[in-house]
**Student:** 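Following this message is one structure expressed as structure tokens.
Residues take their numbers from the sequence shown, with the count starting at 1. Not measured: the values here are computed from a predicted model. Only this structure's heavy atoms are used, side chains among them; waters, hydrogens and symmetry mates stay out.
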Amino acid sequence: MASFVDRVVLHVSGGTGGHGCVSVHREKFKPLGGPDGGNGGNGGDVILRVDPQTTTLLDYHHAPHRHATNGGPGMGDWRAGKHGETLILPVPEGTVVKSKDGRVLADLVGEGTEYIAAAGGIGGLGNASLSSQKRRAPGFALLGIEGEAADVVLELKSIADIALVGFPSAGKSSLIAAMSAARPKIADYPFTTLIPNLGVVQAGEVRFTIADVPGLIEGASEGKGLGHHFLRHVERCAALVHVLDCGTLESDRDPLSDLAVIEAELEKYAVDMSFAGSDGEVVPLNHRPRLIALNKVDLPDGKDMAEFVRPELESRGYKVFEISATSHEGLRQLGFAMAEIVQAARDAVAAAPPKVHAPVLKPRAVNESGFKIRREEKNLEPLFRVLGDKPVRWVKQTDFTNEEAIGYLADRLAKLGVENELFKQGAKPGDMVVIGEDDGVVFDWEPTMMAGAELLAAPRGTDVRFADIGDRPTRGQKRDEQVERREAKAAARAELEAERKAGIWTESVSGRRPKPLTESGLSEENEE
């Protein structure tokens, strides 16, 4: 069973907001107490928070679906519904949050850093909040809105100052165990390390973290081995340490060829843009400071191999250290060299001027309406699609079983300018209007739904504007009536044609023409 997971796909959704309440205050000797329906509670958010006690994403691997609690509905006597509880998901430090298409959403570094993965839905207003001077006793309330739903990818990138890279069984885990208190698994077979290991090293006054990844082999960029998959854990490092095996028993391997293979694989690895320096640029792994650690010099063959390849490596500009993770030879010098690089990197970050992002204020344009209408065509008939945050949200808040709520939606859309814009784009009564995208609400547009109905007396929950359209045929009924008329005309033509062919029409065309008149103004027959 997996015990370390550094990449998961998390399906999160915020809580749904509670519905508003429709209620009228009732008290003895007060028959007209007025509306007292409370608002619905907001749904809970789903928040990712850095927790130092969390080191893996294993919990989300087994349970990837997380949902925050819903908000409670409003109640009478002006009682608001309970807000949904926020769902806190602890993640390790260094977790990168991405979208399904690879776009970086957040880089969680530092204890307590948070990111809202899915916001909860807002609660609906009760009829007490909807009352006004014009609408004193609303017989409806707004519905709560569903919370956001998102699929996010969590990738763990360990926070390390120094990264150890090398072939399998080169001694990286043994080196971490010798220089720190970490106790990774160590054995005499390749690919012993299956997860990244971290260790804390103290060199003088500098304390830093070193990490190793499962051994790299040739072809790792094509998916061979394990190391290339875990290289994301060393993307935040300040320097690399090549751990070269000088006591290998394989005849076709030597430290120089191993170094060439590892450098080639690092060249092929593309560093994620989620890691960036103080200047906003990303430094590739093979362009960062590098040290060479010639390991296993405690073996006779290892000592000879180290002395043989050291001049060649130094001629290439590398700092070379002959070490032994078993006898601890050369570890002190290597530790101080690592600390020097780490301190230089920290000083550079501290000396760099702080990056201050000036706030960008984007005031609303004077001619911005908050919505747009896109004309489309469906089944050879015009379709008008209304898009915008406000119209879509208002539709979700509307109870379509309540006439007064529908009338309130019509008033809001008319006040926003949707009716006028539909007129400008050539919409006609009965045309199809859709608010939202593919799953939007479909209406048969009736421009007679004018505002101001709240001033007319009507029972709560009803709207007088629906009285004259109760028997109005729908779009489908109109289409069926037109088809029936066409079929009736076709049947009448067929009947007349059948009668003509049967000889029922015996009078010729010339026989039905009027007789010519004489000079006296009478026909020839009458003149005789």
Side-chain angles (χ1 to χ4, degrees), residues 160-204 206 208-217 225-227 234 237 239-263 289-342:
D161 299 303
I162 300 294
L164 305 181
V165 294
F167 262 69
S169 299
K172 301 184 296 299
S173 299
S174 300
L175 182 58
I176 284 185
M179 299 184 68
S180 68
R183 292 296 176 263
K185 182 179 180 181
I186 300 174
D188 57 353
Y189 55 85
F191 296 109
T192 306
T193 302
L194 299 179
I195 63 174
N197 295 313
L198 295 176
V200 179
V201 180
Q202 184 76 36
V206 181
F208 58 92
T209 305
I210 58 177
D212 79 315
V213 294
L216 289 170
I217 61 175
L226 300 174
V234 300
C237 65
L240 298 176
V241 175
H242 285 280
V243 182
L244 303 180
D245 188 358
C246 292
T248 178
L249 300 178
E250 300 179 22
S251 58
D252 58 341
R253 283 182 50 196
D254 61 82
L256 296 179
S257 61
D258 289 356
L259 178 62
V261 171
I262 299 302
E263 287 285 330
R290 284 163 290 175
L291 303 176
I292 301 294
L294 300 176
N295 195 19
K296 302 181 182 179
V297 296
D298 56 311
L299 302 177
D301 294 341
K303 185 67 174 179
D304 296 339
M305 178 62 73
E307 294 177 353
F308 177 74
V309 300
R310 180 167 185 167
E312 174 64 22
L313 295 173
E314 289 179 343
S315 65
R316 299 181 184 180
Y318 293 108
K319 288 186 178 181
V320 183
F321 298 87
E322 298 180 8
I323 65 169
S324 172
T326 303
S327 63
H328 293 196
E329 178 182 348
L331 296 187
R332 180 178 175 82
Q333 293 81 355
L334 177 61
F336 278 97
M338 294 179 181
E340 182 181 355
I341 296 177
V342 171

**Student:** Can you see which heavy atom on M179 is nearest to which on G335, and at what distance?
**Tutor:**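 Taking every non-hydrogen atom into account, CE-CA, 3.8 Å.
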
**Student:** What residues form a side-chain hydrogen bond (donor to acceptor under 3.5 Å, both in side chains) with Q333, not counting sequence neighbours?
**Tutor:**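 None.
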
**Student:** Between S180 and V200, what is the shortest heavy-atom contact and its length?
**Tutor:**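 Residues S180 and V200, closest heavy atoms: CB-O, 3.1 Å.
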
**Student:** Which value, rounded to the nearest 0.5 Å, describes the distance between L259 atom CG and L313 atom CG?
**Tutor:**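 Reported to 0.5 Å precision, the distance equals 6.5 Å.
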
**Student:** Which residues pass the side-chain hydrogen bond (donor to acceptor under 3.5 Å, both in side chains) test with S327, sequence neighbours left out?
**Tutor:**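 side-chain hydrogen bond (donor to acceptor under 3.5 Å, both in side chains) list for S327, sorted by chain: S324.
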
**Student:** V201 vs M338, test: side-chain contact (heavy atoms from CB on, under 4.5 Å). Steps then yes/no.
**Tutor:** CA-CA 10 Å; V201 180; M338 294 179 181; 5.9 Å; no

**Student:** Measure across A325 and A178 and return the closest heavy-atom pair with its distance rounded to 0.1 Å.
**Tutor:**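 Answer, listing the atom of A325 first, then A178: O-CB, 3.7 Å.
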
**Student:** Indicate the atoms forming the closest heavy-atom contact of F208 with A203, along with that distance.
**Tutor:**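 Taking every non-hydrogen atom into account, CE2-CB, 4.0 Å.
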
**Student:** Among all residues two or more places apart in sequence or in another chain, which pass the salt bridge (Lys or Arg N to Asp or Glu O under 4.0 Å) test with E263?
**Tutor:**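 Salt bridge (Lys or Arg N to Asp or Glu O under 4.0 Å) list for E263, sorted by chain: R290.
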
**Student:** Find the distance between CG (L256) and CZ (R316) and round it off to the nearest 0.5 Å.
**Tutor:**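 Interatomic distance, L256 CG to R316 CZ, rounded to 0.5 Å: 5.5 Å.
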
**Student:** For F321 and V241, what are the C-alpha separation, side-chain angles and deciding distance, and is it a side-chain contact (heavy atoms from CB on, under 4.5 Å)?
**Tutor:** CA-CA 10 Å; F321 298 87; V241 175; over 6 Å; no

**Student:** If you round to the nearest 0.5 Å, how far is CD1 of I162 from CD1 of I341?
**Tutor:**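 So the gap between those two atoms works out to 5.5 Å.
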
**Student:** Provide the full list of salt bridge (charged side-chain N to carboxylate O under 4.0 Å, His left out) pairs with a residue in residues 294-304, sequence neighbours left out, each pair given once.
**Tutor:**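 Qualifying pairs, neighbours excluded: D245-K296, K303-E322, K303-E329.
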
**Student:** To the closest 0.5 Å, what do you measure between CG (L175) and CG (L164)?
**Tutor:**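 These two atoms lie 5.5 Å from each other.
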
**Student:** Looking at residues at least two apart in the chain, or sitting in another chain, which of them share a side chain to side chain contact (heavy atoms under 4.5 Å, CB included) with Q202?
**Tutor:**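 Residues passing side chain to side chain contact (heavy atoms under 4.5 Å, CB included) with Q202: R207.
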
**Student:** Sequence neighbours left out, what passes side-chain hydrogen bond (donor to acceptor under 3.5 Å, both in side chains) with E340? Give chain and number order.
**Tutor:**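 Result, side-chain hydrogen bond (donor to acceptor under 3.5 Å, both in side chains) vs E340: none returned.
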
**Student:** Got a sec, which residues hit side-chain hydrogen bond (donor to acceptor under 3.5 Å, both in side chains) with N295, two or more places apart in sequence or on another chain?
**Tutor:**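 N295 satisfies side-chain hydrogen bond (donor to acceptor under 3.5 Å, both in side chains) with no other residue.
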
**Student:** Taking side chain as C-beta onward, heavy atoms only, is V165 less than 4.5 Å from H242?
**Tutor:**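 Yes, close enough: below the 4.5 Å cut-off.
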
**Student:** List the atom of V320, the atom of R310, and the distance in Å for their closest heavy-atom pair.
**Tutor:**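 Residues V320 and R310, closest heavy atoms: O-NH2, 3.4 Å.
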
